[in-house]
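Encoded as structure tokens, the structure appears first; notes follow it.
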There are 2 protein chains.
Amino acid sequence: MSETEPRSEQAAPAVRTQQPERTDQTPEQTAPTRPHTGRRRNEAAHRAILDAALHLLADSDGTPVTIDAIARTAGVGKQTVYRWWPSKGAVLLDALTDRADQDVRGPDTGTLRTDLRTFVATTFDAAQRSTTASALRTLAREAARDPHLAELMQTFTATRRTALRELLSRGRERGELAGDADLELIVDQVYGVFWYRFLLGHGPLDPNTAERLADSLLTGNAAD
Amino acid sequence: MSETEPRSEQAAPAVRTQQPERTDQTPEQTAPTRPHTGRRRNEAAHRAILDAALHLLADSDGTPVTIDAIARTAGVGKQTVYRWWPSKGAVLLDALTDRADQDVRGPDTGTLRTDLRTFVATTFDAAQRSTTASALRTLAREAARDPHLAELMQTFTATRRTALRELLSRGRERGELAGDADLELIVDQVYGVFWYRFLLGHGPLDPNTAERLADSLLTGNAAD
DNA sequence: TATTTGTCGAGACTGCTAGTCTTGTCAAGC
DNA sequence: GCTTGACAAGACTAGCAGTCTCGACAAATA
């Protein structure tokens with residue numbers, strides 16, 4: 001999620017409401033740029049918060065994760081959390097995407113069937129990993145109530161949607177899909193099934209399902 | 001939702017925690033069945049609560065509907081709400097399904113393509129009606145946090161899923177689908193796309209989309 | 001070294017909500 | 001007239017997000 005939270009070693013999250021580090025920059029005024037004063041940010045606390053959040057997200061069996069719990073687990077004051085993240089959702093999303101693979105480039109083997117099968121199977125598989133799965137589920141549930149978090153998640157999923165759309169687009173140009181195929185609808189069929197089964201858990205998200213889904217989408221939208 | 005909340009003129013909801021009306025029945029003991037004493041249930045209040053809930057559900061622009069607001073709008077004490085429904089979610093779901101068409105029998109024209117197109121289009125259309133749409137969205141968001149409500153909603157949606165599955169099953173027996181077609185996956189593609197677009201609102205749920213989706217599902221799962 | 005600036009942990013506090021409990025009232029049957 | 005149970009009103013508890021305050025502490029500067 002580098003586009004939403006471009007954190008580096010010392011940078012603050014982009015979504016901060018106030019950015020204390022930048023108040024001295026004040027463009028248009030030729031204020032003397034004073035690089036930094038005062039105590040520095042505690043990186044250990046920063047890490048501890050993210051770790052605690054991820055840990056709680058993964059452990060919580062549906063029960064919502066509270067900021068109090070995160071702060072207590074991290075051995076940190078609540079204000080320290082709110083100093084660096086604007087809301088609970090931002091912390092949770094940041095914790096989840098912190099270590100996630102950011103360059104979601106879809107496969108490009110030259111054959112749409114292979115690419116799509118791989119993409120769907122990889123998507124299903126990645127979400128199933130026990131560390132991620134519970135955390136992602138909890139996050140999605142939180143997003144249902146928190147519009148701010150929902151927005152953050154949209155930009156997160158948009159990256160993956162785009163990768164899939166481009167994968168399909170390449171295939172369509174090669175004639176492996178009908179010229180008038182509705183790529184957006186195909187994307188939604190993949191992610192619709194994914195989220196539906198992921199959140200409700202009433203059906204499998206195994207490699208076999210991935211293959212069936214990919215193949216039926218190809219056949220259903222094949223060139224005449 | 002008569003299967004979840006079998007209310008009639010005098011019956012209490014099935015999901016009640018305590019059932020004051022039944023404490024005197026105590027089976028195994030041949031207690032004298034005393035039919036009823038005390039003041040009767042106020043049907044006007046009952047209706048007012050459901051109406052208020054539906055009204056608030058439809059009006060709320062994402063903001064959660066509170067029990068206080070329902071009670072106040074209905075001109076009713078909070079305890080009167082909790083006397084007849086076990087939780088907020090139960091009230092909301094009951095309000096939404098109160099007037100809904102309960103016999104969700106899928107169409108059966110003898111041709112799968114027609115049946116499926118109609119079913120999908122009807123599903124999309126029904127959810128879009130302005131009265132229902134906002135209420136259903138709010139309800140789904142509430143269900144994300146309230147496991148009890150989630151369970152109630154599952155039994156609600158199960159009826160519709162079954163209708164679709166049977167529609168597909170009939171078509172498969174007529175040879176309009178491959179013998180090994182994964183009906184459950186097709187059902188999930190329909191409802192996956194539906195809920196995905198309905199909740200996120202990033203793509204249309206119009207008749208054209210319904211037709212495309214139905215046709216691609218048929219082609220993608222056609223008999224060889 | 002002393003001062004300033006800004007972070008830290010701790011925890012009190014506000015505001016909101018679900019759900020419970022209490023109180024006094026009212027209606028239906030005995 | 002008495003009992004029973006529904007009723008409106010509203011106080012109350014418990015949990016949570018987010019704010020505010022406090023005294024301690026660390027980095028840069030004078």
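Every heavy atom of this structure was used, including side-chain atoms; hydrogens, water molecules and symmetry mates were not. Each chain gets a letter, A, B and so on, in the order the sequences are listed, and its residues count up from 1.
Whole-Å rounding puts the R41(A) CZ to dG9(C) C1' distance at 16 Å. Separating the CD atom of E142(B) from the C1' atom of dT17(C) is a distance of 11 Å, rounded to the nearest angstrom. Distance N42(A) CG to dT7(C) P: 12 Å, rounded to the nearest Å. Note: OH (Y82(A)) to P (dC13(C)) measures 19 Å, nearest angstrom. Atom-to-atom, CG of L149(B) to C1' of dG19(C) comes out at 16 Å; the value is rounded to the nearest Å. Look at NE2 on H46(B): it is 15 Å from C1' on dC7(D), rounded to the nearest Å. Rounded to whole angstrom, the span from the CZ atom of R83(B) across to the C1' atom of dT20(C) amounts to 12 Å. Between the P atom of dG5(D) and the CH2 atom of W84(B) lies a distance of 12 Å, rounded to the nearest Å.
Applying the side chain to side chain donor-acceptor pair (under 3.5 Å) test to R197(A) and every residue at least two apart in sequence or in another chain returns D188(B). Here E184(A) pairs with R161(A), R165(A) under the side chain to side chain donor-acceptor pair (under 3.5 Å) rule; sequence neighbours left out. Among residues two or more places apart in sequence or in another chain, the side chain to side chain donor-acceptor pair (under 3.5 Å) test is passed with Y191(B) by none. In this view, A140(A) and W195(A), L199(A) satisfy the side chain to side chain contact (heavy atoms under 4.5 Å, CB included) rule, not counting sequence neighbours. By the salt bridge (charged side-chain N to carboxylate O under 4.0 Å, His left out) test, D51(B) is found to be paired with R47(B), R99(B), residues two or more places apart in sequence or in another chain being considered. Every residue was checked against the salt bridge (charged side-chain N to carboxylate O under 4.0 Å, His left out) condition with D206(B), not counting sequence neighbours, and none meets it. Partners of R117(B) under the salt bridge (charged side-chain N to carboxylate O under 4.0 Å, His left out) rule, at least two apart in sequence or in another chain, are E211(B), D215(B). Residues satisfying the salt bridge (charged side-chain N to carboxylate O under 4.0 Å, His left out) criterion with D68(A), sequence neighbours excluded, are K78(A). In this structure, the side chain to side chain donor-acceptor pair (under 3.5 Å) partners of T138(B), at least two apart in sequence or on a different chain, are S60(B).
V65(A) comes within contact range of the sugar-phosphate backbone alone, with a heavy-atom separation under 4.0 Å but no base atom that close.
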**Request:** Begin with the C-alpha distance, continue with both residues' side-chain angles, and end with the deciding distance and a verdict on side chain to side chain contact (heavy atoms under 4.5 Å, CB included) for L92(A) and I70(A).
**Result:** CA-CA 10 Å; L92(A) 298 185; I70(A) 294 174; 4.0 Å; yes
Anything under 3.5 Å between a protein N or O and an N or O of nucleotides 24-27 of chain C, put it in a table, one pair a line.
residue	atom	partner	partner atom	Å
dC26(C)	O2	R39(B)	NH1	3.3

Could you list, one pair per line, each protein nitrogen or oxygen that sits under 3.5 Å from a nitrogen or oxygen of nucleotides 20-22 of chain D, together with the distance?
residue	atom	partner	partner atom	Å
dC20(D)	N4	Q79(A)	OE1	2.7

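Side chains of F119(A) and P107(A) form a contact here, defined as non-hydrogen atoms less than 4.5 Å apart.
Between D146(A) and T80(B), the residue anchored closer to the 5' end of DNA chain D is T80(B), taking for each the nucleotide with the nearest heavy atom.
End-to-end axis angle for the helix from dT1(C)-dA30(D) to dC30(C)-dG1(D), using five pairs per end and rounding to 10°, comes out at 10°.
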